[in-house]
Amino acid sequence: MSEHFDTDAIRMQTARGPHHEHSVPVYLTSSFLFDSAEQAKALFAGEEEGLIYSRYGNPNTDEFVTKLCAMEATEDGIATATGMAAMFASIAGLLKSGDHIVASRALFGSTVQIMQKILPRWGIETTFVDATDPAAWDAAAGPRTKLFFAETPSNPGLEIVDIAAVSEVAHARGAVFVVDNCFATPYLQQPARLGADIVTHSATKFIDGQGRVLGGAVLGSAELIEPLRFFARQTGPALSPFNAWVLSKSLETLSVRMDRHCENALAVARHLDAHPRVSKTLYPFLESHRQHTLAKRQMKHGGGLVTFEVPGGEAGGMRFLNALAMVSRSSNLGDTRSIATHPSTTTHAKLTDAERAAIGITPGTVRLSVGLEAVSDIIADLDRALQTT
Ligand SMILES: *Cc1c(COP(=O)(O)O)cnc(C)c1O
């Protein structure tokens, strides 16, 4: 393992086959051969290390996890078929009936649905808090609290959670702190270095970076990952070898892509912040962001997302999206292509008006995932669409 992020991302590869491929091949196989009946017995007994079946492990998924662990500074991890499988495994693999979660109220929509609709059926309750206030986490915790769950920057309000401060509160309460690091990626911030116990990813976003495949990961100490590996092996959210291969190749270019995403996003944010038809622009590295100092301390750059408010409420937001000629209308993010989303009618439509207001989503809110196109073309398209609002 190198001290350098890019060297790990590029040079950590699984052992080569007899053909000495320079680029790692896709190991499209569901199972692996045993040399003898005795070897099979030893592998199943855990007395010998080796590959058995791709739900348990595969060279491509193993390579993806090994690279991510090096980049996130974690000991161990599991790869999952989607980001949501990672979020769910990090909770269901650790908690039992009667346990309590304290979570940010500004989490990804499906994570909130798991906590509000699925976990209560199994006797696990969640209290949602203003995640930007470490004292709120402490106030919500009690003797049954086993897990803290946060996402930073948040979607789409781009709120910053002080990972070091909330880690301290979690540990004082005896809770495991999980951070969904999807928006930042390990290039911009490494939550485990700041005290988080578990780092989760939707690799579908910036890690793939080209809008092709779904994937996820859960990373942490060997001790915490052990029960999660058991959970994943038995319940089966395994990442496919092909998707793992795509994601592993993508990690090799993560830093160069993120540098450009962030550079473009900062330029777009500055432009929108000064635009007469935009009433509010949120971006962690804008001086006007209320947690600008914390963002600068915790993150390398401001990330690839910009959230802003167009005039005219829901109708204005929809006119804006419909008037875009280049920027895509889609719900994904972290693609080479810029993507605009209208959260209040799509990704956050299941929330109540009050829940949306609490995390800063109004009918005129637009979330922009800034891509890698020439920034002048992105800005020209936004300006054109803003004329119609
Ligand atoms: C997209 C996303 C997820 C879910 O990931 P999938 O790969 O779509 O399952 C979870 N958390 C965040 C922050 C996301 O943006």
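Note that ligands are numbered from 1 as they come in the structure, with each ligand's atoms numbered from 1 the same way. All of these numbers come straight from a predicted model, not from anything done at the bench.
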For this session: Starting from atom 7 (O) of ligand 1, locate the nearest protein heavy atom and write down its residue, its atom name and how far away it is, to 0.1 Å.
Result: Thr204 OG1, 2.6 Å
Problem set entry | Proximity flag Asp180 to ligand 1, non-hydrogen atoms under 4.0 Å | yes
Problem set entry | Check against side chain to side chain donor-acceptor pair (under 3.5 Å), Arg257 and Thr253 | CA-CA 6 Å; Arg257 290 186 287 104; Thr253 56; 3.0 Å; yes
For this session: Would you check if Val278 and Asp273 make a side-chain contact, meaning some heavy-atom pair closer than 4.5 Å?
Result: no
Exercise. For atom 2 (C) of ligand 1, which protein heavy atom lies nearest, and how many Å away is it?
Worked result: Lys205 NZ, 2.4 Å
Exercise. CD of Gln387: more than 12 outside heavy atoms within 6.0 angstrom?
Worked result: yes
Problem set entry | Closest protein heavy atom to atom 5 (O) of ligand 1, given as residue, atom name and distance to 0.1 Å | Ser202 OG, 2.9 Å
Problem set entry | Side chains of Met87 and Val218 in contact at under 4.5 Å (non-hydrogen atoms) | no
For this session: For side chain to side chain donor-acceptor pair (under 3.5 Å), just list the numbers for Lys41 and Ser36, CA-CA rounded to whole Å, side-chain angles, deciding distance to a tenth of an Å, and then say yes or no.
Result: CA-CA 9 Å; Lys41 184 180 176 190; Ser36 63; over 6 Å; no
Seminar exercise, completed: closest protein heavy atom to atom 6 (P) of ligand 1 is Gly83 N, 3.4 Å
For this session: Going by heavy-atom distance to atom 3 (C) of ligand 1, choose the closest among Phe108, Phe88, Phe183.
Result: Phe108
For this session: Around atom 9 (O) of ligand 1, find the nearest protein heavy atom and jot down its residue, atom name and distance.
Result: Met84 N, 2.8 Å
Exercise. Thinking salt bridges, do Glu252 and Lys67 make one under a 4.0 Å N-O criterion?
Worked result: yes
